[in-house]
Protein chains: 2
Amino acid sequence: MNEKTIKKLQSIVGKSSLLTEKEELHPYSTDETPDVFFMPEAVVKPENRFQIIDILKLANAYKFPVTARGGGTGLTGGSLPVSGGVVISFEKMDSIIDIDNKNRMAVVEPGCKNSTLQESLKKEGLFYPVNPASMDSCTLGGNVAEASGGANTVKYGTTRNYISGISAVSGNAELWKAGGKIVKNATDQILMQLMCGSEGTLSVFTDITFRAIKKPAESIWIIAPFKDIFKIPLAARKIMKISDPTMVELMDKNTMRYCEKYLDTKIQFSDFHQLLVRFDSDSKNLIEEYAVKAGDICLEFGSQDVLSADSAYQQKKIWKIRRSIHDAIAHLAGPVFEEDVVVPQSEVSELIKKAYRISDKYNMPVTLFGHLGDGNIHVNFSKSKNQKSFEKNPVIKEQLFDKVKEIGGKVSGEHGIGITKKTFFAKTIDPGYLKLLKKVKKDFDPNNILNPGKLAF
Amino acid sequence: MNEKTIKKLQSIVGKSSLLTEKEELHPYSTDETPDVFFMPEAVVKPENRFQIIDILKLANAYKFPVTARGGGTGLTGGSLPVSGGVVISFEKMDSIIDIDNKNRMAVVEPGCKNSTLQESLKKEGLFYPVNPASMDSCTLGGNVAEASGGANTVKYGTTRNYISGISAVSGNAELWKAGGKIVKNATDQILMQLMCGSEGTLSVFTDITFRAIKKPAESIWIIAPFKDIFKIPLAARKIMKISDPTMVELMDKNTMRYCEKYLDTKIQFSDFHQLLVRFDSDSKNLIEEYAVKAGDICLEFGSQDVLSADSAYQQKKIWKIRRSIHDAIAHLAGPVFEEDVVVPQSEVSELIKKAYRISDKYNMPVTLFGHLGDGNIHVNFSKSKNQKSFEKNPVIKEQLFDKVKEIGGKVSGEHGIGITKKTFFAKTIDPGYLKLLKKVKKDFDPNNILNPGKLAF
């Protein structure tokens, strides 16, 4: 990008919304994915859709890449500018435009943080159930781009179940809109749904409408420590058969130990693998009944004990542990690669077995946690002392992904493809799907301006 | 289509799976949309995906249209062959391939009826919540093509929330696949979601995987008759604020009268507008509590009485009424056009007012019913004796749709665009959206073989 282009960018967003100095650009060169680093040539902070259109017009004229960036919490490098160019940061488009309690709808700018929306809705007695662990930092635009999930998806589904309207600018700088404050739509929803999981490769979002729901009045959590990790998926499946849990989470004993150390707090049964289940409802009786039944099932499958938490204080403590996992592992497990494969629920044990076999064979500790109820397990191999970094061991990834494919799973349940899974995406995806996907990309972004180097593009 | 083409079709599907005689073709020339009729030149009944691929190869070579048809229950003419050609009927691809209780997944052929799946899942203690009123006749392939909803969507969402995997053949005869027996997927879901509501214009489905859920143990219905229809949306909104209903349905007094006559049974308060609310849960106490609160709210807004039904017998009776509405209106209201506009919930009264104004102005009786909880109201104008058929009165449709657009709604909430809303779709849709949609169509179906004359194609 030459000086002329930079000048033109400046004339669009203004001097104070353009970064070009190396040290200013640095924070935009990484996200939370270990070992990946790509410097943008400039960062712009647009304030409205018109500026975004102008940025994309310029990009098409001068053929530079544009990568939209939310909170930078991605775990597959999805928002990193692998070919340089401009990063659009939504720091100045982070507002809630409208909370419409009558229609239980919220209209937001893409840079609005997930937790900001959650808090605002709470004041209105409403609830936005999609709560990624990174909810304090991740943005709602990023959530749409990644079709984000989180721990509540077992009951409530992911971002795609809540998006109701969108305005966006395609790669060739054309504005388009779909949906609105309507909960059902057989008119113009299909391209809106196409955005959920498109990883910033098809359009840049300018505002998004989400549906909210009534917040359940009561909740209860149970935690059951197991010596035998393979009993946990069995207990979980049986619990899901007799109840309607909001969350069904696995935290293996490595996870527990890292959290204990990272939070510097004693965690009960931290040398056990743990099953964490949450129920919510307007009926306290119902969730207590569920919790008792679930507890009995855990004991039947050999859990050491069953702890339950129904006070806000206790629940906050548990949620703090659950949410600290990513950071705890990142800080204490050494360089790791966090995979988030998803498999049919009945195959979770097979997946765990394979992860252990790989761990043994390559002498790389493995930490397992995640959304067991969705079959979506985060598998983290740590670099061991005498080992090259995981990145240099695609053979290990390949072994994991081959197994996942064999048992009917996919390489990503919620973190997306980004950079880190690109090779395996291309390898494991159906060739017919890939061919169509490449065509659709061209419709939205004929010059491959948007986030090049991601997914299959 | 000449004899040679017919011969070739016969060599693909066999003689007994090819219809070419006028009287055999006749049943495939209509669906449940009044006043639309288009004859196919041939009907084929493939038995597997390979035959579908071959049919589409032939269609591309000889340039004839191919229209996939499910149960023929569509209300916008979506499955009618407006340009002739071949109709693919899924009568021989109507099986459940696999009910996988461990993973709570069902794999079906596209011609499998919605109720067949429902019944099979019930035996396994599972539940597929998407229940269009036509569930005994409509097919699951059709449900995907139309992103079908039904009365349970308030709580459970539409088909798009349950599709987990698909195999399909694009318009240019290429097989593609996505998803599987996984409940969460950030790998290859976006094109699968693109199918939900694509109305047979992008691909022909060959098998589909749906997620099922645990069936709630208890349910209760309340029915409240109102003199003033405008109080019903207010009561409904307040009920949804304090509870978690499965269904929130409106049936106006014309609807009630038609049902009474059609079913030849006395319905209580049939000269009132009725609000029908259903709750389900594993907790009987909870839904009884909801029902009591909801009943109080109805009385507060002036309902004449509140009836409740918690026995299977009573509930069946109510559901029978609800499901008979379409047929009752079709038989008794004379030629009608059933619109299924969707508006923000707060605007339902505005919509009803407009429908009444149009009814008065043009002396055409209007019957209103539908999914109030979704803002999705079926507006049925009947032809009055001295009136041209509704089809010849696009000005009336236009007035309704203009209002819908003005208040932030869309022309279709669940029936799709098909033939009957095509003009208004093109007029009311965002131009940027339309442009992209046309490009996407070309990716999947470059020769416009699949269901030409629908949506924007």
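Residue numbering restarts at 1 for every chain, and letters A, B, ... go by the order of the sequence lines.
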Response to the item:
When the 4.5 angstrom heavy-atom criterion is applied to B/V440 and chain A, the contacting part is both
Fill in: Side chain, backbone, both or neither of B/K284 within contact of chain A (heavy atoms, under 4.5 Å)
neither
Practice prompt. Sort out for me which of A/V411, A/V183, A/L191 touches chain B most, counting heavy-atom pairs under 4.5 Å.
Written response: A/L191
Item to complete: State, with a plain yes or no, whether a side-chain heavy atom of B/V404 is found less than 4.5 Å away from one of B/L351.
Response: yes
Discussion item. One thing to verify: whether B/R211 and B/D100 come together as a salt bridge, which I'm taking to mean a side-chain N less than 4.0 angstrom from a carboxylate O.
Written reply: no
Worksheet entry | Heavy-atom contact with chain A under 4.5 Å, split by part of B/L194 | both
Worksheet item: What residue in A/G179, A/A168, A/G165 has the most heavy-atom pairs under 4.5 Å with chain B?
Response: A/G179
Worksheet item: If you tally heavy-atom pairs under 4.5 Å against chain A, which of B/I190, B/D430, B/D443 wins?
Response: B/D443
Worksheet item: Do A/S164 and A/I182 come within less than 4.5 Å of each other through their side chains, counting heavy atoms only?
Response: no
Worksheet item: Is there side-chain contact between B/N152 and B/V130, with at least one heavy-atom pair below 4.5 Å?
Response: no
Item to complete: Measure distances from B/N285 to the heavy atoms of chain A and classify the residue's part below 4.5 Å as side chain, backbone, both or neither.
Response: side chain
Response to the item:
Of B/D244, B/I242, B/V154, the largest count of non-hydrogen pairs under 4.5 angstrom with chain A goes to B/I242
Fill in: Side chain / backbone / both / neither for B/E414 at chain A, heavy atoms under 4.5 Å
both
Worksheet item: Quick one: what part of A/K181 sits under 4.5 Å from any heavy atom of chain B, side chain, backbone, both or neither?
Response: both
Practice prompt. Kindly determine whether B/N143 and B/T159 satisfy side-chain hydrogen bond (donor to acceptor under 3.5 Å, both in side chains), including the steps that lead there.
Written response: CA-CA 7 Å; B/N143 289 176; B/T159 307; 5.1 Å; no
Discussion item. Would you call the rings of A/H415 and A/H378 parallel, tilted or perpendicular, taking 30° and 60° as the class edges?
Written reply: parallel
Practice prompt. Sort out for me which of A/A178, A/S148, A/S243, A/G197 touches chain B most, counting heavy-atom pairs under 4.5 Å.
Written response: A/S243
Discussion item. Can you see whether A/N103 engages B/Q345 through a side-chain donor-acceptor pair at a distance of less than 3.5 angstrom?
Written reply: no
Worksheet item: Under a 4.5 Å heavy-atom cut-off, does chain A meet the side chain of B/F444, its backbone, both or neither?
Response: both
Worksheet item: Measuring heavy-atom distances to chain A, does B/K177 have an atom under 4.5 Å in its side chain, in its backbone, in both, or in neither?
Response: both
Worksheet, complete the sentence: Cut-off 4.5 Å, heavy atoms of chain B, and the answer for A/M105 is neither
Fill in: B/D340 and B/K421 ion-paired at < 4.0 Å
yes
Practice prompt. Show your reasoning for whether side-chain contact (heavy atoms from CB on, under 4.5 Å) applies to A/F205 and A/V169.
Written response: CA-CA 6 Å; A/F205 316 141; A/V169 184; over 6 Å; no
Practice prompt. Could you tell me which of A/Q189, A/E174, A/K241, A/E146 has the largest number of non-hydrogen atom pairs under 4.5 Å with chain B?
Written response: A/Q189
Response to the item:
All heavy atoms of B/S281 vs all of A/L286, minimum pair found to be OG-CD2, 3.7 Å
Discussion item. Students often mix this up, so state it plainly: with edges at 30° and 60°, are the rings of B/F127 and B/Y156 parallel, tilted or perpendicular?
Written reply: perpendicular
Worksheet entry | Atom group of B/M195 that falls short of 4.5 Å from chain A, counting heavy atoms | neither
Worksheet item: Which region of B/L455, side chain (C-beta onward) or backbone (N, CA, C, O), has a non-hydrogen atom less than 4.5 Å from a non-hydrogen atom of chain A, or is it both or neither?
Response: neither
Fill in: For chain A, the option from B/E199, B/K410, B/Q193 that forms the most heavy-atom pairs under 4.5 Å
B/K410
Worksheet item: What part of B/S346 gets closer than 4.5 Å to chain A, counting heavy atoms only: side chain, backbone, both or neither?
Response: both
Worksheet item: Side chain, backbone, both or neither: which part of B/D188 has an atom under 4.5 Å from a heavy atom of chain A?
Response: both
Worksheet item: Among A/D282, A/V342, A/I429, A/N376, who wins on heavy-atom pairs under 4.5 Å with chain B?
Response: A/D282
Item to complete: State whether A/D280 and A/K155 are salt-bridged, where the test is any N-O pair (Lys NZ or Arg NE/NH1/NH2 against Asp/Glu carboxylate O) under 4.0 Å.
Response: yes
Worksheet item: Which atom pair, heavy atoms only, marks the closest approach of B/A173 to B/I53?
Response: O-CG2, 3.6 Å
Discussion item. For the interface with chain B, which of A/G432, A/S170, A/P344 has the highest count of heavy-atom pairs at distances below 4.5 Å?
Written reply: A/P344
